[in-house]
Amino acid sequence: MSPFLTVSAEVAEAVREGLPVVALESTIFTHGLPRPRNVEVAEEAERIVRDAGAVPATIGVHRGRPVVGLTMEQITELAHDDDVLKAGIRELPLGAVNGRNAGTTIAATSQLAHSAGISVFATGGLGGVHQGAETTFDESADLVALSRNPVVMVSSGAKAVLDVHATLERFETLSVPVVGYRTTTYPGFYVRESGFRIAHQLDSPEEIASVFAAQRALEMTSALLVANPVPADEQLDPALLQGVIEKAWAAVEDQSVEGQQVTPFLLDFIRRETGGASLDANVALYRSNVSLAAEVAREISRGSATSDVMSGAAMTSGGGTA
Ligand code: PSU
Ligand code: MN
């Protein structure tokens with residue numbers, strides 16, 4: 001075991017045996033959701049994965065050390081730590097000196113998941129290009145990380161506060177495939193539709209697993225982004241959302257919020273402005289993403305078991321031409 005990365009025994013064994021594993025991030029509960037709902041959601045996400053027959057791997061930094069497969073105790077500690085940091089990839093090595101707890105962003109989580117051999121990851125909404133990025137240069141490190149870490153990434157689109165059009169353009173530049181799950185409209189995080197179309201639709205966990213297998217066989221380093229809209233009856237009122245987002249950005253300007261604080265500030269502002277309705281939508285879409293991710297992980301696991309059998313068969317028949 002490395003002193004700089006811990007992989008829990010359960011996760012390490014599941015990966016070794018090719019069992020289905022789903023990675024879960026921690027910034028969503030350290031910075032994205034308020035207490036006490038944050039711990040409940042983190043716990044529920046693990047339960048959804050287990051009930052679907054897969055192994056959850058919640059990823060975060062515990063007392064300076066990146067951990068793949070946090071225990072419930074460690075999750076609770078991070079969720080209640082008033083001084084918890086937000087760790088993108090570049091913050092990960094600093095734990096070796098500061099010894100602090102940190103929630104890992106999608107960028108950092110995807111990197112750690114891939115290092116641990118996990119190929120499916122569920123989250124709420126992706127980071128991306130911020131409004132006004134042409135002058136602030138504020139683009140989430142999630143973008144580059146998703147071009148480098150081959151995982152199936154299930155989300156409900158880019159977070160509503162972002163410049164979604166620019167974010168989709170970046171995914172194209174970075175050669176990151178984006179597919180809609182049973183839709184050709186890119187989802188809008190709290191709402192089902194962002195107003196932007198995507199070219200490709202997949203309709204089942206089997207199809208997602210097949211595309212991912214092809215992507216790996218073609219030696220692509222990027223993630224496969226599966227965009228899964230929030231369930232229809234749980235979306236936020238789209239008319240309400242637009243006005244609130246504008247107010248949220250005005251507040252960022254007014255209060256000179258910068259850097260890593262921007263995203264958590266916006267999410268919290270919207271939660272207060274919508275009287276908690278955005279939080280309910282966020283939790284609902286997260287549940288639905290976790291459950292789809294677990295199905296995809298099972299499919300990938302089944303597929304790799306079958307291909308092992310098939311290549312074994314090909315070998316015993318002398319790699320015959322039949
Ligand atoms: N999705 C959510 N809530 C969150 C986030 C995503 O539903 O809190 C977090 C993710 O960890 C994502 C991060 O990686 O916000 C993006 O932050 P930034 O824009 O600073 O890169
Ligand atoms: Mn940023």
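Counting convention: from 1, in listed order, for ligands and their atoms alike. What you see below is based on every heavy atom in this structure, not just the backbone, and it leaves out hydrogens, waters and symmetry mates.
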Test V129 against every option in E169, E134, R170 by the side chain to side chain contact (heavy atoms under 4.5 Å, CB included) rule and name the one that passes. R170
Only counting residues at least two apart or in another chain, list the ones meeting side chain to side chain contact (heavy atoms under 4.5 Å, CB included) with Q131. D163, W249
Taking only heavy atoms of G124 into account, list the atoms of ligand 1 that are under 4.0 Å away from them. 7 (O)
Quick one: look up the protein heavy atom nearest atom 2 (C) of ligand 1 and list residue, atom name and how far away it is. G125 N, 3.8 Å
With sequence neighbours excluded, give me every ring pair (Phe, Tyr, Trp, His ring centres under 6.0 Å) pair touching residues 136-193. H165-F196
Are any of the side-chain nitrogens in R37 or D280 under 4.0 Å away from the carboxylate oxygens of its partner? yes
Tell me which N, O or S atom from D138 is the closest to the Mn ion (ligand 2). OD1
Tell me the contacting part of L33 for ligand 1: side chain, backbone, both, or neither, using a 4.0 Å heavy-atom threshold, strictly below. neither
Would you say that V226 contacts L202 through its side chain, given a criterion of any heavy-atom pair below 4.5 Å between the two side chains? no
Any non-hydrogen side-chain atom of E91 less than 4.5 Å from a side-chain atom of T104? no
Using heavy-atom distances only, which candidate in H31, Q261, K86 approaches atom 18 (P) of ligand 1 most closely? K86
Contact region, H130 to ligand 1, non-hydrogen atoms below 4.0 Å, reads side chain
Do you know which of V161, T136, V257, L267 makes side chain to side chain contact (heavy atoms under 4.5 Å, CB included) with V262? V257
In ligand 1, the atoms that come under 4.0 Å of a heavy atom of K159 are 1 (N), 5 (C), 6 (C), 9 (C), 12 (C), 13 (C), 15 (O), 16 (C)
Record the part of T105 in heavy-atom contact with ligand 1 below 4.0 Å; permitted values are side chain, backbone, both and neither. both
Proximal ligand 1 atoms for G32, defined as those under 4.0 Å from one of its heavy atoms: 8 (O)
What residue and atom, counting heavy atoms only, is the protein's closest point to atom 21 (O) of ligand 1, and at what distance? S140 OG, 2.7 Å
The protein heavy atom nearest to atom 11 (O) of ligand 1 is E25 OE1, 2.7 Å
Contact region, L267 to ligand 1, non-hydrogen atoms below 4.0 Å, reads side chain
Taking atom CZ of R148 as the centre, report whether more than 12 heavy atoms of other residues, nucleotides or ligands fall under 6.0 Å from it. no
State, yes or no, whether a side-chain contact exists between V154 and F121 at a heavy-atom distance under 4.5 Å. no
Atoms in ligand 1 with a heavy atom of T263 nearer than 4.0 Å: 15 (O), 17 (O), 18 (P), 19 (O), 20 (O)
Would you say the side chain of V61 lies within less than 4.5 Å of the side chain of R65, judging by non-hydrogen atoms? no
Please work out, at 4.0 Å between heavy atoms, whether the side chain, the backbone, both, or neither of I106 comes within that distance of ligand 1. both
So which bit of F189 gets within less than 4.0 Å of ligand 1, heavy atoms only: side chain, backbone, both or neither? side chain
Given T27, T104, D142, identify the one with the heavy atom nearest to atom 12 (C) of ligand 1. D142
